[in-house]
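Just below is one structure, and these are the notes that go with it.
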Amino acid sequence: MERTRITPSRKRRYSGEQNKRTLDRGGDDGDDDDNNSYATLGEGNTARRKSTPIGSNDENTTVPRPCEPSQPTHRIEMGGRDEEYFRSLYSTEPDFYHLGLKYPEFGAMLRDGAHLDFTDPAAVMQLTKTLLREDFGLHIQLPPDRLCPPVPNRHNYILWLKDLLDSTSSSYSQGYEPERRVTGLDIGTGASSIYPLLGCVQRPTWHFIATDVDADSLASARANVRRNRLESRIRIVDRTASDPLIPLDDLDIETIDFAMVNPPFYASDAELLDLAAQKAQPPHSACTGAPIEMVCEGGEVRFVDRMISESLVLRDRVQWYTAMLGKQSSIDVLVDTLKKHGVNNFAITTFIQGSRTRRWALGWSFLTRRPSLGASRGCGSLATKRMLPPITAITISGPATEIHTNPIPSLQKALCDAAETLDLRSWVWDEQRLYGVGFADGNVWSRAYRRRKAEEVVVKHEMAAPPRDVAACAFGFSVSIQPDHPDQPRGSPTVILRWLQGDDESLFESFSGVIRRCLRAGVTHPV
Ligand code: SAH
């Protein structure tokens with residue numbers, strides 16, 4: 001067993017849960033009628049109401065939200081844009097008045113200098129172009145007869161992917177790793193190629209393969225990639241409707257980090273028209289989508305079902321398979337399918353725009369590295385319990401300051417003592433960050449295991465530590481002491497226990513019990 005105390009080489013900060021977007025608690029399903037809507041974005045510019053932040057991922061309602069320790073702040077300067085900048089985008093509404101002054105093409109679309117007509121396709125398209133230019137430095141052109149992507153919604157998908165990947169990297173760092181090369185697949189990239197463009201701007205080491213079946217969209221996507229000089233990082237690939245959705249073999253690629261898709265939502269033209277007719281109000285935003293973008297046989301469920309079938313063969317050749325969905329009922333069906341095939345490492349989130357539009361997203365993985373709570377249960381109370389993936393982090397409250405004047409050394413000692421008495425494969429504690437990571441080959445804390453161990457004849461050899469193949473360990477965890485947790489009274493520390501790796505939820509549950517007991521005992525007998 002390796003027991004190392006490490007000193008951080010770089011200054012680290014606590015940023016709390018990665019995702020600070022808030023949640024709309026309206027109805028269950030996405031309730032606008034296309035996958036193209038800016039919903040109520042812009043109402044603030046009309047009524048100057050207190051803006052509803054665009055985005056989602058609220059905290060889990062049953063488990064206190066832990067603050068996972070973040071990694072060192074690497075200020076990746078991209079024209080002044082860094083990770084924090086991207087995370088906070090659209091938490092308040094864009095100021096149309098000032099955008100109009102800065103970009104005359106956009107200004108020309110505004111009425112009274114600040115109001116945009118969301119039912120006018122040309123105005124909506126100009127808004128997309130202007131936001132991409134202003135917020136991401138991107139230049140795009142869009143054909144008038146293809147989908148015009150609402151930027152905040154597409155940006156939310158990229159933010160979620162960052163959370164998923166960062167919290168499940170092979171280094172277990174649980175934070176952004178600027179050196180990590182990431183390859184993603186965007187299935188059905190559309191005329192804008194918006195996801196690859198947004199991903200590449202935010203993460204300089206990300207690369208994309210982007211597919212589509214529509215010749216016009218492919219031509220436009222290629223032009224947009226060229227326009228932004230991203231040809232070396234975004235490869236646009238022609239596909240046909242009967243080709244596999246995930247073309248790893250066709251492209252001779254062994255592994256990629258993620259696959260994403262915003263599939264056509266509707267099963268038929270009739271369904272599209274029916275749903276539009278059922279709406280009491282006209283759509284909030286003009287939709288320029290062509291049938292190929294909006295409709296596919298079996299709708300979004302069939303499309304993502306196809307992806308699941310392919311994933312069952314490709315398995316860990318893709319770390320995260322993900323899809324955006326318009327309906328909660330689709331998530332229900334797809335989660336059942338995943339469970340039926342024994343896939344229990346999955347994630348669900350919602351993307352909210354304004355007060356009306358909700359989109360769902362589902363991700364699944366055949367690797368056993370577990371995502372943060374923010375990434376895996378970003379749908380909070382909107383999802384039914386049956387749909388939710390396992391809990392991957394718990395918060396254990398430390399003693400109140402009136403009981404214990406300096407509880408942190410006692411908590412630290414109790415944690416390290418507990419970890420060091422267990423037969424862990426690896427345990428590393430960082431004293432400065434009050435953060436540790438451990439791995440075990442199985443339930444090494446059970447009574448049966450310890451009894452068996454105690455009966456073994458121990459022959460001690462001085463030898464080098466065995467190679468640490470922790471990637472194959474049945475259980476991995478991290479534990480951190482947070483002197484000031486936002487959900488706790490000031491001065492009361494908390495301990496965050498995070499499930500980092502493994503297939504077996506019950507191991508995390510029983511391990512949490514062990515740590516709780518050790519902490520209680522350790523704090524009762526302070527150092
Ligand atoms: N990603 C873009 C476009 C989404 S619309 C956005 O979010 O704005 C869905 C896209 O999927 C369309 O461009 C459509 O042409 C494409 N598509 C449909 N069937 C496909 C298939 N079998 N393989 C790849 N792309 C497909």
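Nothing fancy with the numbering, it's 1 onward along the sequence. In this text, all values refer to a predicted model and were calculated from it rather than measured experimentally.
- Applying the salt bridge (charged side-chain N to carboxylate O under 4.0 Å, His left out) criterion to Asp441, with sequence neighbours excluded, gives Arg425.
- Under a 4.0 Å N-O distance rule, the pair Arg180/Asp257 qualifies as a salt bridge.
- Between Lys162 and Asp166 there is no salt bridge, since no side-chain nitrogen of the basic residue lies less than 4.0 Å from a carboxylate oxygen of the acidic one.
- For the atom pair CG of Leu147 and OG of Ser192, the computed distance is 7.5 Å after rounding to the nearest 0.5 Å.
- When atom types are taken as modelled, the side chain of Thr337 and the backbone of Val333 share a donor-acceptor pair closer than 3.5 angstrom.
- Under the side chain to side chain donor-acceptor pair (under 3.5 Å) criterion, Asp336 pairs with Arg386, not counting sequence neighbours.
- For Trp499 and Phe508, the distance between ring centers is under 6.0 angstrom.
- With Asp212 contributing its side chain and Gly190 its backbone, the two residues share a donor-acceptor pair below 3.5 Å.
- Residues Ser365 and Gln319 bring no donor and acceptor atom of their side chains to less than 3.5 Å of each other.
- With sequence neighbours excluded, no residue forms a side chain to side chain donor-acceptor pair (under 3.5 Å) with Asn228.
- Exactly one of Trp160, Trp320, Trp206 qualifies for a ring pair (Phe, Tyr, Trp, His ring centres under 6.0 Å) with Phe258. That residue is Trp206.
- With hydrogens and angles left out, the side-chain atoms of Ser169 and Glu177 include a donor and acceptor closer than 3.5 Å.
- Looking at Gln174 and Tyr435, their side chains do bring a donor and an acceptor atom within 3.5 Å of each other.
- Between the side chains of Asn443 and Tyr449, no donor-acceptor pair is found at a separation under 3.5 Å.
- Taken to the nearest 0.5 Å, the CG atom of Asp332 stands 12.0 Å off from the NZ atom of Lys327.
- Cation-pi contact between Arg203 and Phe86: absent, since separation from the ring centre below 6.0 Å together with deviation from the ring axis within 45° is not met.
- Although no hydrogens or angles enter the test, the distance criterion places no donor-acceptor pair under 3.5 Å between the side chain of Ser193 and the main chain of Thr189.
- No donor-acceptor pair under 3.5 Å is formed between the side chain of Thr205 and the backbone N or O of Glu179.
- The side chain to side chain contact (heavy atoms under 4.5 Å, CB included) test applied to Ser309 returns no partner, not counting sequence neighbours.
- Every residue meeting the ring pair (Phe, Tyr, Trp, His ring centres under 6.0 Å) condition with Phe511, not counting sequence neighbours, appears here in chain and number order: Trp445, Phe475, Phe477.
- Ion pairing between Asp186 and Arg235 fails under the 4.0 Å rule for side-chain N and carboxylate O.
- Under the rule for a salt bridge (charged side-chain N to carboxylate O under 4.0 Å, His left out), Arg315 has no partner lying at least two apart in sequence or in another chain.
- Of the charged side-chain nitrogens involved, at least one lies within less than 4.0 Å of a carboxylate oxygen, so that Asp163 and Arg87 count as a salt-bridged pair.
- With hydrogens and angles disregarded, no donor-acceptor distance shorter than 3.5 Å links the side chain of Arg377 to the backbone of Ala347.
- For the side chain to side chain contact (heavy atoms under 4.5 Å, CB included) criterion with Pro493, the lone passing option out of Ile396, Leu411, Leu434 is Leu411.
- The ring pair (Phe, Tyr, Trp, His ring centres under 6.0 Å) search around Phe303 returns none, not counting sequence neighbours.
- If you check the side chains of Glu420 and Trp429, you find no donor sitting under 3.5 Å from an acceptor.
- Residues passing the ring pair (Phe, Tyr, Trp, His ring centres under 6.0 Å) test with Tyr195 are Tyr157, sequence neighbours excluded.
- How far CG of Asn344 is from CG of Leu338: 10.0 Å, rounded to the nearest 0.5 Å.
- Counted by atom type alone, Thr349 and Trp360 present zero donor-acceptor pairs between their side chains at under 3.5 Å.
- Checked against salt bridge (charged side-chain N to carboxylate O under 4.0 Å, His left out), Asp249 has the following partners two or more places apart in sequence or in another chain: Arg317.
- Counting heavy atoms from C-beta outward, Ser167 and Arg370 have side chains that stay 4.5 Å or more apart.
- Looking at residues two or more places apart in sequence or on another chain, you find a side chain to side chain contact (heavy atoms under 4.5 Å, CB included) between Thr368 and Gln501, Asp503.
- Under the salt bridge (charged side-chain N to carboxylate O under 4.0 Å, His left out) criterion, Arg516 pairs with no residue at all, not counting sequence neighbours.
- With sequence neighbours excluded, the residues satisfying side chain to side chain contact (heavy atoms under 4.5 Å, CB included) with Glu509 are Glu505.
- Side-chain contact annotation: Asp135 with Tyr90, donor-acceptor N/O pair under 3.5 Å present.
- The aromatic ring centroids of Phe439 and Tyr172 lie less than 6.0 Å from each other.
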